[in-house]
Structure formats: C-alpha cells, structure tokens
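Here's the structure we're looking at; comments come further down.
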Amino acid sequence: LRSLLEEDFSTGVHSIWALMTEKGLALQDILKDLRDHVIYLDVKDRMAHALLVANLCDLEHRLSLGTNDKMQLAGMVGLFQTSRPSLKSA
C-alpha cells in the first residue's frame, strides 16, 4: 500500500511486479490483501474513497475474466496515482 500511495507510477509497477515474482503471488492475491487495507483507510474525501474501492472491485472482476496481470497491475497503480490527492488522511 505504501508504494501505491508514495511512489511514482513506474516505481510502483516495478515494486509490485517484483513482489509478485519473488513471492509467487498473483495480482488477485495482492488485490485481495490490498482491498482489506483500503476499505479501512481514514480519509477526508469519502466519495473518492468509495470510487477507489469500486474501481478496485472492477479490477478484480476483470482479473477473474482472465485479463493480463501486467496490464491490470498498471491500471491498479494508475488508480492510486489519480486518487492520491483525495486520499489524504482525515
């Protein structure tokens, strides 16, 4: 979660891809664990928070249909990049 909220896009993608490769994890594994943390974030903008959770659910659905992990990983990092300004702690 830290790399998604603090690192630039390229570094975030590479960090998570390295974690997946080293630990033998699928993006769905990362997403499930991440979702559990994101739901409990204490943020100022509740609408942006709800939108992020909804977008993560969409991503999880696309993964269940067999889409490319690398492409969806980039999409997930992009979600956090665009949501970052609205996710400042309350």
Side-chain angles (χ1 to χ4, degrees):
L1 184 59
R2 180 175 296 142
S3 64
L4 291 169
L5 293 174
E6 296 175 3
E7 295 177 353
D8 64 77
F9 179 81
S10 181
T11 305
V13 170
H14 290 297
S15 296
I16 295 172
W17 189 257
L19 176 68
M20 290 169 58
T21 303
E22 291 168 12
K23 304 274 185 183
L25 299 170
L27 183 56
Q28 281 187 308
D29 300 326
I30 301 283
L31 186 58
K32 180 191 175 301
D33 202 39
L34 184 63
R35 185 190 59 227
D36 294 341
H37 292 287
V38 168
I39 287 173
Y40 296 108
L41 283 176
D42 184 23
V43 297
K44 289 181 184 177
D45 189 341
R46 299 278 185 201
M47 187 57 87
H49 186 227
L51 185 59
L52 176 61
V53 171
N55 284 328
L56 290 174
C57 290
D58 290 344
L59 175 71
E60 188 172 21
H61 176 72
R62 287 191 303 270
L63 285 169
S64 74
L65 298 175
T67 57
N68 180 290
D69 272 14
K70 192 92 172 190
M71 182 68 73
Q72 296 303 317
L73 171 59
M76 183 179 77
V77 173
L79 285 174
F80 279 89
Q81 293 284 307
T82 57
S83 299
R84 188 183 292 173
S86 302
L87 294 179
K88 304 261 190 251
S89 294

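Checked by atom type and distance alone, the side chain of Arg84 pairs as donor or acceptor with a backbone atom of Leu4 at under 3.5 Å. Between the side chain of His49 and the backbone N or O of Val38, at least one donor-acceptor pair lies under 3.5 Å. Side-chain atoms of Asp29 never come within 3.5 Å of backbone atoms of Leu25 as a donor-acceptor pair (strictly under, hydrogens ignored). Distance alone, capped at 3.5 Å, is enough to place a donor-acceptor pair between the Gln81 side chain and the Glu7 backbone. Ser3 places no side-chain N or O within donor-acceptor distance of the main-chain N or O of Ser15, the cut-off being under 3.5 Å.
Each of Leu34 and Met71 belongs to its own hydrophobic cluster when Ile, Leu, Val, Met, Phe, Trp and Tyr are linked at side-chain heavy-atom distances under 4.5 angstrom. When the side chains of ILVMFWY residues are joined at heavy-atom separations under 4.5 Å, either directly or via intervening members, Val53 and Leu51 end up in two distinct hydrophobic clusters.
In this structure, the separation between CD1 on Ile16 and CZ on Phe80 is 8.0 Å, given to the nearest 0.5 Å. With rounding to the nearest 0.5 Å, the separation of CD1 in Ile30 from CG in Leu63 is 11.5 Å. To the nearest 0.5 Å, atom CG of residue Leu59 and atom CD of residue Gln72 are 5.0 Å apart. To the nearest 0.5 Å, atom CG of residue Leu56 and atom CD1 of residue Ile39 are 9.0 Å apart. Remark: Lys44 NZ to Ser86 OG distance equals 11.0 Å, nearest 0.5 Å. Residue Leu27 holds its CG atom at 10.5 Å from CZ of Arg62, rounded to the nearest 0.5 Å.
Under the side-chain hydrogen bond (donor to acceptor under 3.5 Å, both in side chains) criterion, Asp8 pairs with Thr11, sequence neighbours left out.
Considering all non-hydrogen atoms of both residues, Leu79 and Ser83 come closest at O-OG, 2.8 Å.
Between Asn55 and Met76, the closest side-chain pair of non-hydrogen atoms is not below 4.5 Å.
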